[in-house]
Amino acid sequence: MKKLVVLLSLLAVAAGPAAAQKKTPVKAPAKKAVGVPAAVLAQGKSVYVQNCLSCHQADGLGVDGLNPPLANTDYVLGDKTRLTKVLLNGLQGVDINGEPYNNVMPAQESLTDAQIAAVLTYVRNSFGNKASALSAAEVKAIRAANKK
């Protein structure tokens, strides 16, 4: 019995507190997008938190089968006009990176051109994404062409 107690004590000491609880590794600070002013990214993040976070989540990974991820997708990293039209017109029932998503994304009609440019620039430069920024002038031109 004494040998069992000694053995269990040695195992407990060897395992230490690390075995009882694992710490999440500390992430390196996010790198600022090259050529994108910090103020634009801050505005974009604010718009994202108010309008997008509840569906696409804080990590931009969305919800399987309902809300698509924003990380490393053709929709986010690809054509700026198509991406802008998603905010202007909404979206439903699409496959993103080969996975179906069925939730309805309503049109974001209340957002200004500057807010849309900022949030899309933020998304295109967050969650591991690196893509060019959008300007309010680009969004304005897409919005005008979209009305025709």
Side-chain angles (χ1 to χ4, degrees), residues 8 10-148:
L8 290 174
L10 287 173
L11 287 173
V13 169
Q21 64 175 293
K22 293 182 180 182
K23 292 186 178 180
T24 305
V26 177
K27 292 182 180 178
K31 293 181 181 179
K32 182 182 155 200
V34 178
V36 179
V40 171
L41 293 175
Q43 180 189 13
K45 183 176 183 177
S46 175
V47 173
Y48 182 85
V49 168
Q50 289 179 332
N51 298 281
C52 314
L53 184 133
S54 62
C55 293
H56 295 286
Q57 307 300 301
D59 58 9
L61 295 179
V63 177
D64 286 345
L66 294 175
N67 308 315
L70 302 175
N72 195 29
T73 67
D74 294 339
Y75 264 84
V76 172
L77 298 173
D79 182 39
K80 291 187 212 180
T81 299
R82 177 178 68 174
L83 181 61
T84 303
K85 285 182 177 182
V86 170
L87 268 70
L88 294 174
N89 302 325
L91 192 64
Q92 179 180 8
V94 296
D95 284 3
I96 307 266
N97 289 359
E99 296 292 324
Y101 293 92
N102 298 310
N103 208 4
V104 176
M105 180 180 159
Q108 303 298 307
E109 298 166 337
S110 64
L111 296 179
T112 67
D113 296 338
Q115 289 173 315
I116 289 174
V119 75
L120 293 181
T121 297
Y122 170 76
V123 167
R124 287 169 56 88
N125 288 281
S126 298
F127 319 120
N129 297 329
K130 293 293 175 216
S132 60
L134 273 92
S135 69
E138 287 175 296
V139 174
K140 181 178 182 176
I142 295 166
R143 189 188 298 263
N146 191 50
K147 289 181 180 178
K148 293 180 182 178

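FYI, the numbering just counts along the sequence from 1.
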### Message
Which heavy atom of Ala131 sits nearest to which heavy atom of Leu77, and what is that distance?
### Response
CB-CD2, 3.9 Å
### Task
Can you spot which of Thr73, Leu83, Val76 makes a side chain to side chain contact (heavy atoms under 4.5 Å, CB included) with Val123?
Val76
Side-chain atoms of residues 35-50: list all donor-acceptor pairs with protein atoms under 3.5 Å, sequence neighbours left out, distances to 0.1 Å.
from  : atom 1 : to    : atom 2 : distance (Å)
Tyr48 : OH     : Gln57 : O      : 2.6

### Message
Please enumerate all residues that pass side chain to side chain donor-acceptor pair (under 3.5 Å) together with Asn51, with sequence neighbours excluded.
### Response
none
### Query
For the side chain of Asn125 and the backbone of Ala133, is there at least one donor-acceptor N/O pair under 3.5 Å apart?
no
Residues 96-103, side-chain donor-acceptor partners within the protein, below 3.5 Å, at least two apart:
from   : atom 1 : to    : atom 2 : distance (Å)
Asn97  : ND2    : Asn72 : O      : 3.0
Asn103 : ND2    : Asn67 : OD1    : 2.8

### Message
Is any side-chain heavy atom of Ile116 closer than 4.5 Å to one of Leu88?
### Response
yes
### Task
List the atom of Ala117, the atom of Ala136, and the distance in Å for their closest heavy-atom pair.
CB-N, 3.6 Å
### Message
Show me the pairs that pass salt bridge (charged side-chain N to carboxylate O under 4.0 Å, His left out) and involve residues 117-126, at least two apart or across chains.
### Response
none
### Separation of Leu134 CG from Tyr122 OH (nearest 0.5 Å)
16.0 Å
### Query
When rounded to the nearest 0.5 angstrom, what is the spacing between CG in Leu120 and OG in Ser132?
11.0 Å
#### Entry: Gly62 to Asp59 - nearest heavy-atom pair and separation
N-OD1, 4.5 Å
### Residue pairs involving residues 103-116 (criterion salt bridge (charged side-chain N to carboxylate O under 4.0 Å, His left out); sequence neighbours excluded)
Asp113-Arg143
#### Entry: ring-ring contact (aromatic ring centres under 6.0 Å, His included): pairs with one or both residues in residues 57-79, sequence neighbours excluded
none
### Task
Please collect all salt bridge (charged side-chain N to carboxylate O under 4.0 Å, His left out) contacts where either partner lies in residues 75-88, sequence neighbours excluded, each pair once.
Lys80-Glu138
### Query
Can you list every pair that meets salt bridge (charged side-chain N to carboxylate O under 4.0 Å, His left out) and has a residue in residues 69-78, with sequence neighbours left out?
none
### Message
Quick one, Val119 and Cys52 - any side-chain contact, counting heavy atoms below 4.5 Å?
### Response
yes
### Query
How about Thr84 and Asn146: do any of their side-chain heavy atoms sit closer than 4.5 Å?
no
